[in-house]
Amino acid sequence: MKPYDHKDIEKKWQQEWDKQGIYKVSDSVLGKENYYTLVEFSYPSGNLHVGHWYAFAVPDIFARYKRMKGFNVLYPMGFDAFGLPAENAAIKLGEDPKTWTYKHMETMRDQLRSMGAMFDWDREVVSCDPKYYKWTQWMFNEFLKKDLVYRDVTSVNWCPKDQTILANEQVTDGKCERCGTEVVQKNQEQWMLRITKYADRLIDDLDPLDWPHAIKQSQKNWIGRSEGSEIEFPISGSEKKIKVFTTRADTLFGVTYVVLAPEHELVAELKKGLVNESEIDAYVQGANKKSELDRQQSKEKTGVELKGVTAVNPVNDESVPVWIADYVLAGYGTGAVMAVPAHDERDFEFAKKYQLPIKEVVIPNRIDVKNPPVPGKKSQERWNVQAIVRNPKTDTYLCMYSKEFKWTTFPMGGRESGEGIIETIEREIREETGYINLKFVKILGGPVRAEYFAAHKDENRVAYTHGVMFDLVDETRVPLLAEEEGKHEFLWLPKSELVYPRIVHAELNDWLSRWDGHDFAFVEPGSLIYSGVFTGLDSEEAKKKITEFVGGKLVKTYRLRDWGISRQRYWGVPIPIVYDPAGKAHPIPVEHLPWLLPTDVDHTPDGTSPLARSKELVERTEKIFGAGWRPEVETMDTFVDSSWYFYRYLDNNNDGVFADPEKIKSWMPIDLYMGGAEHTTMHLLYSRFWVKALHDLGLVDHNEAYVIRRNRGLILGPDGEKMSKSKGNVIDPDAIVNRLGADTVRMYLAFMGPYGTVASFPWDPNGVVGVRRFLERVWAAQEKVGTQPTEESLVRTLHKTVKKVSEDIEKFSFNTAISAMMIFMNEFDKQSTIHKDDWKMFLKLLASFAPHMTEELWNTLDEQESIHVTAWPTYNEALVVDDTVTLGVQVNGKVRAEITLAVDATESTVREQVLAIPEVQKWIDGKEVKKFIFIPKKIISIVI
RNA sequence: GCCGGGGUGGCGAAAUUGGUAGACGCUACAGACUUAAAAUCUGUCGAUCGCAAGGUCAUGCGGGUUCGAUUCCCGCCCUCGGCACCA
């Protein structure tokens with residue numbers, strides 16, 4: 001036997017497979033169903049790291065398995081080749097971005113080939129190839145026709161020194177990462193895509209997808225649909241109105257001021273001639289300087305009043321002051337809010353800081369669980385006060401137990417008309433309990449509404465109750481009223497025993513939360529109060545009615561913004577637009593596509609878009625469209641490239657269409673899409689939008705591209721930290737492949753933990769050696785292959801292994817599949833021979849994990865065909881079911897013995913046998929067996 | 001703060017979704033082979049008490065449901081990831 005020389009074997013078979021073309025994928029194969037497995041294509045950064053191996057080599061196991069299972073599997077590979085790093089290299093090293101990119105792709109192709117994956121390289125897609133971006137441009141024009149593309153002004157990061165727009169990732173701590181200059185916000189006209197038009201569908205269509213819950217949730221939050229009202233506040237002495245968006249129209253009576261975002265269009269007009277105009281200017285300028293991120297990071301709220309300007313609350317004609325503050329975002333809702341400090345935490349904080357009034361208009365609404373309202377009884381509205389009387393000496397609280405109704409209450413009573421809260425409750429305490437020397441402590445906030453049935457009056461009550469706290473000064477008591485005498489027992493209870501519903505007040509939990517006296521806004525829905533005719537309504541109902549009453553509109557708003565795709569960069573898809581001499585934009589007709597990226601561009605930044613420096617581009621434009629015509633000089637965001645690349649794998653050479661509709665129909669939607677969790681709200685959302693847009697254009701017949709989505713985890717360095725050069729914990733896959741082989745590396749990655757769950761796994765240099773040891777044992781076992789029948793118990797193990805490995809691969813539990821194969825080898829080591837056919841069966845299981853080594857072993861068995869085109873083995877059902885099973889025997893829930901029984905044993909046949917086991921006898925110890933539980937194939941449990 | 005994952009030996013992890021917790025691998029220790037080392041092979045390996053048989057405790061913490069809970073319910077703690085003034 002030759003030693004296991006992975007270098008030889010891997011090189012040999014990679015060449016051989018190439019020669020035989022066993023990974024060429026046809027669009028249809030008779031009798032086979034198409035199966036499309038996809039992993040996000042990668043950026044050609046120049047070097048394959050362990051992350052790439054994890055991303056591509058492990059799903060290759062799955063793809064190979066599916067193929068052996070009889071599917072026509074497509075598992076393609078390509079490059080997301082436009083992007084910033086190539087351009088940075090051009091600026092820094094003076095290298096041409098295209099040369100740089102193609103050089104890196106070449107290196108990476110070699111490295112990817114070393115994986116021994118089943119990529120069909122004939123289908124490769126490269127997003128910077130004009131044959132590809134021709135169709136990116138074509139789609140842009142199709143979207144333009146359908147009004148999905150428009151031009152708008154948005155703010156961008158601008159470095160005044162480098163005279164260039166910066167991506168968010170090029171800004172660190174508000175400074176340009178290249179030169180350290182403070183970055184400012186600049187308004188810039190951009191090409192926008194109307195992704196917001198699809199906001200509802202992007203949310204609603206998520207439900208049926210087999211995607212991780214986490215992604216669905218994040219996308220929903222990211223889109224941030226919220227339903228509310230738009231309400232207009234007229235400005236006193238002006239024709240203008242401030243339109244606000246609110247989700248809490250029910251709190252309209254509680255508005256005490258209105259706030260505009262600093263960028264709000266009305267600010268410039270309203271500030272004119274105000275006493276504090278300069279202060280306002282300064283504030284607006286300050287806000288402009290800060291990026292959105294900075295603004296959100298400062299915790300302290302700031303603002304400035306538009307002194308002299310007032311807005312009119314449309315619901316009650318009250319005048320309220322108008323402020324500007326940067327906690328209000330120009331880009332969300334209407335850029336203006338009505339402030340209700342009593343019911344919104346941010347408004348509350350702001351109102352406290354600037355001493356603005358706080359008006360409570362929504363109160364908690366409780367329905368007593370113990371004495372709920374009785375239908376049919378008459379209902380009475382009451383204003384009540386409850387007293388929480390503390391005895392400071394014992395730290396206990398005064399409660400009254402009613403002998404008649406058998407309930408415990410605080411001293412309480414109804415307010416007579418005209419009577420004050422304190423006055424009322426002091427009277428009630430005196431009359432009901434006799435205590436007279438009390439010290440007032442505080443009122444526990446506003447009233448709480450509660451509905452209950454008052455048994456002593458046989459009527460339903462809607463009570464608005466205040467809570468008041470007192471300390472007992474001394475125990476002096478006066479005689480009770482005659483009618484109160486003997487009705488109650490008085491209890492002094494510690495705070496821990498003040499629990500609802502033991503104390504029957506439905507308001508109790510509200511008192512307890514207000515107890516420590518710290519103020520907060522009541523942001524929950526509740527019942528309206530001090531709200532004119534709307535008083536008593538609950539929040540939900542009031543939202544609609546109040547909006548209607550003031551002539552407002554019920555609207556949906558989204559956090560999601562339209563997608564700005566313009567980039568003032570070189571290395572991207574040129575936006576296929578030209579401007580006529582009057583400056584009007586025209587799409588470039590399809591016969592001139594691809595609209596090529598010019599090559600005569602100097603990459604030194606000079607404040608213009610690089611394409612603007614191309615002479616050739618202008619000449620080309622004038623030649624085609626006429627004198628005075630000018631080209632668009634912007635390129636597209638690279639997320640556009642990756643929004644549709646999966647169609648191009650299906651038909652990557654087609655010059656007449658982005659992909660043949662028949663081919664699209666036969667492969668799409670993608671059966672399985674694996675990738676990184678970092679793409680949750682960008683790539684996965686953009687491409688969903690893109691596919692829906694193509695669908696609406698009638699170009700594809702599916703509405704979603706990815707049926708199953710799984711996110712993979714992350715491989716960490718041996719120290720458990722993220723790999724990084726500065727930490728010196730980077731694992732170079734090339735070196736390990738060289739030392740231990742591709743089969744070992746891909747199999748170890750699969751063995752580290754479950755795939756398809758977001759977790760992180762530290763690379764263990766010893767662990768990978770362990771996998772290599774396993775492969776060595778398999779290699780050595782070829783010596784034992786013969787024509788003698790295999791020992792029966794090993795055959796059984798083999799068939800069980802087939803079952804287990806198949807099931808585990810389906811679940812992406814490659815780690816346990818490998819473990820099952822290890823168990824088989826452990827069994828096999830005890831035997832001296834195995835029959836050739838059984839050995840082949842095992843090799844097939846291992847083939848998708850260790851494609852090179854198994855091919856070599858397969859080949860030595862005089863097989864002509866590649867192992868990878870053979871069929872996945874099937875197991876014999878009779879061989880995987882055992883006829884006996886070992887069960888634990890529990891006595892009072894603790895396992896005390898084991899028993900091996902026939903699988904079809906029944907309770908009646910085993911009962912005597914189980915009770916006779918000495919260990920069981922010992923624990924029963926003559927006691928009565930109360931219960932005998934027999935769960936076939938699971939457990940026996942005896943209760944004594 | 002909000003949303004979403006997670007917390008199981010010295011480590012990576014298993015556990016048919018309520019049924020004998022820790023499969024498989026790594027590490028460590030002991031032994032065999034060797035002049036020696038590496039490699040390989042054999043054995044031990046959750047904690048604790050015990051000479052042993054065996055007992056007790058153990059799946060982040062505290063409760064609950066159940067004959068039985070890593071799994072279900074309630075309340076906490078910790079941790080990782082994402083988002084964060086969204087009106």
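All chains are named by letter (A, B, ...) in the order of the sequence lines, taking the proteins before the strands, and each is independently numbered beginning at 1. Small disclaimer: the values here were computed from a predicted structure and weren't measured.
For the pair A:Tyr748 OH and B:G25 C1', the computed distance is 9 Å after rounding to whole Å. Atom CD of A:Glu232 and atom P of B:A87 are 20 Å apart (whole Å). To the nearest angstrom, P of B:C3 lies 11 Å from NE2 of A:His213. Rounded to whole angstrom, the span from the CD1 atom of A:Ile899 across to the C1' atom of B:G19 amounts to 16 Å. Atoms CZ (A:Arg561) and P (B:A84) sit 9 Å apart, rounded to a whole Å.
Nucleotides B:G6 and B:U16 have their P atoms positioned 15 Å apart, rounded to a whole Å. B:G19 and B:U70 are spaced 10 Å apart, taking the P atom of each and rounding to whole Å. B:A15 and B:G25 have their P atoms separated by 16 Å, given to the nearest Å. Using atom C1' as the reference point in both B:A23 and B:U8, the two lie 13 Å apart (nearest Å). Annotation: B:A69 and B:G54 have their P atoms spaced 24 Å apart (nearest Å). B:C72 and B:U65 have their C1' atoms separated by 8 Å, given to the nearest Å. B:U71 and B:G60 are spaced 8 Å apart, taking the P atom of each and rounding to whole Å. For B:G62 and B:G55, the C1' atoms lie 26 Å apart once the distance is rounded to whole Å.
Within the nucleic acid shown, A:Phe761 comes within 4.0 Å of sugar-phosphate atoms alone, with no base atom in reach, counting heavy atoms only. As judged by a 4.0 angstrom heavy-atom cut-off over every strand, A:Lys930 is placed among residues making no nucleic acid contact. Nucleic acid contact for A:Thr886: base, since at least one base atom lies under 4.0 Å from a heavy atom of the residue. Among the atoms of the strands shown, none is found under 4.0 Å from any heavy atom of A:Gly224. As judged by a 4.0 angstrom heavy-atom cut-off over every strand, A:Arg896 is placed among residues touching the sugar-phosphate backbone only. Using a 4.0 Å heavy-atom distance criterion, A:Ile935 is classed as a base contact. No engagement by A:Trp763 is indicated, since no non-hydrogen atom pair under 4.0 Å with the nucleic acid exists. Counting any heavy atom pair closer than 4.0 Å across all strands shown, A:Asp347 reaches no nucleic acid atom. Looking at heavy-atom distances under 4.0 Å, A:Pro212 makes no contact with the nucleic acid at all. Heavy atoms of A:Glu898 sit under 4.0 angstrom from at least one base atom. Among the protein residues, A:Ser941 comes within range of the nucleic acid bases, having at least one heavy atom under 4.0 Å from a base atom.
In this structure, B:G31 is classed as anti because its glycosidic torsion departs from zero by more than 90°.
Taking a cutoff of 4.0 Å between a charged side-chain nitrogen and a carboxylate oxygen, A:Arg709 and A:Asp210 do not qualify as a salt bridge. Using a 4.0 Å cut-off between charged side-chain N and carboxylate O, A:Asp204 and A:Lys220 make no salt bridge. Salt bridge absent: A:Lys556 and A:Glu227 never bring a charged side-chain N and a carboxylate O closer than 4.0 Å.
Closest approach of A:Thr334 to A:Val244, counting heavy atoms only: OG1-CA, 3.3 Å.
Comparing A:Ile940 and A:Ile215 by the nucleotide of RNA chain B that holds the closest heavy atom to each, the one mapping nearer the 5' end is A:Ile215.
In this structure, the nucleotide among B:A13, B:G25, B:G4 sitting nearest to the side chain of A:Asn826 is B:G25. The side chain of A:Val337 approaches B:A87 more closely than any other nucleotide in the set B:U20, B:C57, B:A87.
A:Tyr332 and A:Ser226 share a side-chain donor-acceptor pair at under 3.5 Å.
Applying the 6.0 Å contact sphere to CD of A:Glu265 captures no more than 12 heavy atoms from other residues, nucleotides or ligands. Around NZ of A:Lys784, the count of heavy atoms belonging to other residues, nucleotides or ligands within 6.0 Å exceeds 12.
Looking at residues two or more places apart in sequence or on another chain, you find a side chain to side chain contact (heavy atoms under 4.5 Å, CB included) between A:Lys938 and A:Ile935.
For residues 796-817 of chain A, every residue pair satisfying the salt bridge (Lys or Arg N to Asp or Glu O under 4.0 Å) rule, not counting sequence neighbours, is listed here: A:Lys66-A:Glu810, A:Glu792-A:Arg796, A:Lys800-A:Asp882, A:Lys803-A:Glu807, A:Lys804-A:Asp808, A:Asp808-A:Lys811.
In this model, a side-chain donor or acceptor of A:Gln890 finds a partner on the base of B:G19 within 3.5 Å.
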task = Let me have a per-nucleotide readout for nucleotides 46-53 of chain B, 5' to 3', with B, S or -, counting only protein heavy atoms under 4.0 Å.
result = --------
